[in-house]
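Working notes, beginning with the structure itself.
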Amino acid sequence: MGELSAADRILAAIRAIPRGQVAGYGEVARRAGLPGRARMVARLLSENPDPRLPWHRVLRSDGHIAFPEGSKGRAEQTRRLRAEGVWVENGRVRGIKAAATIDEQIWGMPPD
DNA sequence: CGCATGACGAAAT
DNA sequence: AATTTCGCCATGC
């Protein structure tokens with residue numbers, strides 16, 4: 001039977017992040033069965049050609065967007081996340097821990 | 001093989 | 001809480 005490559009498992013883990021939610025690079029790596037390989041996740045994303053991949057849902061472990069301030073990527077990622085109802089402020093996603101508020105559980109989206 | 005690079009992480013400061 | 005330091009992993013030269 002065909003074994004999935006590490007890259008395929010990482011991509012699958014990224015695609016598995018639900019809309020409106022986020023995950024850290026290292027977190028994605030662990031979910032793909034590759035603990036300690038956050039940088040591999042980052043490398044794959046940097047070279048990913050698939051526009052369908054929800055790359056914007058992947059952040060640093062501290063909730064920060066990896067792209068530098070003022071960069072196009074930072075702006076685009078912020079835009080995409082907000083479009084899914086994620087609260088982003090100063091290149092930082094809030095609610096990493098308290099991700100599930102009552103409203104999110106009921107409406108699948110944080111309150112206005 | 002050694003060294004630099006990078007969409008990283010955890011701990012120390 | 002923000003930065004710096006150091007560790008890790010995959011690649012490319």
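The chains referred to below are lettered A, B, ... by the order of the sequence lines, with proteins before strands, and numbering in each begins at 1. Please read these numbers as outputs of a predicted model, since none were measured by experiment.
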- prompt: Ignoring hydrogens and geometry, is there a side-chain-to-backbone donor-acceptor pair from A:R80 to A:H56 under 3.5 Å?
  reply: no
- line: Separation of C:dC9 atom P from A:L45 atom CG, nearest Å, is 19 Å
- prompt: Could you state the CD1-P distance from A:I14 to B:dC8, rounded to the nearest angstrom?
  reply: 13 Å
query: Roughly how far apart, to the nearest Å, are B:dA12 and C:dC8 at atom P?
result: 14 Å
query: Is A:S46 near enough to B:dG6 that one of its side-chain N or O atoms lies under 4.0 angstrom from OP1 or OP2?
result: no
- line: Rounded to whole Å, CZ of A:R30 lies from P of C:dC8 at a distance of 16 Å
- prompt: Are more than 12 heavy atoms from other residues, nucleotides or ligands located less than 6.0 Å from atom CD of A:E47?
  reply: yes
- prompt: Under 4.0 Å between a side-chain N or O of A:R37 and OP1 or OP2 of C:dA10?
  reply: yes
- request: Spell out, as yes or no, whether a donor-acceptor pair under 3.5 Å connects the side chain of A:E27 to the backbone of A:V22.
  value: no
message: Can you measure A:L53 atom CG to B:dA7 atom P for me and round it to whole angstrom units?
response: 16 Å
query: What is the distance from CZ of A:R60 to C1' of B:dA7, rounded to the nearest Å?
result: 8 Å
message: Distance check needed: B:dG9 P versus A:R31 CZ, whole Å only.
response: 13 Å
- prompt: Is the number of heavy atoms from other residues, nucleotides or ligands under 6.0 Å of A:N90 CG greater than 12?
  reply: no
field: Nearest-Å distance for atom pair CG/C1', residues A:L34 and B:dC8
entry: 14 Å
- line: Comparing nearest nucleotides in DNA chain C, the 5'-proximal residue of the pair A:H64, A:G36 is A:H64
- prompt: Base, sugar-phosphate, or nothing: which does A:R43 touch, judged by heavy atoms less than 4.0 Å apart?
  reply: sugar-phosphate
query: If only atom types and distance count, is the side chain of A:R9 paired as donor or acceptor with the main-chain N or O of A:L4 below 3.5 Å?
result: yes
task: Return yes if the base of B:dC8 and the side-chain atoms of A:R39 contain a donor-acceptor N/O pair under 3.5 Å, otherwise no.
output: yes
query: Roughly how many Å is it from CE in A:M40 to P in C:dC9, rounded to a whole number?
result: 12 Å
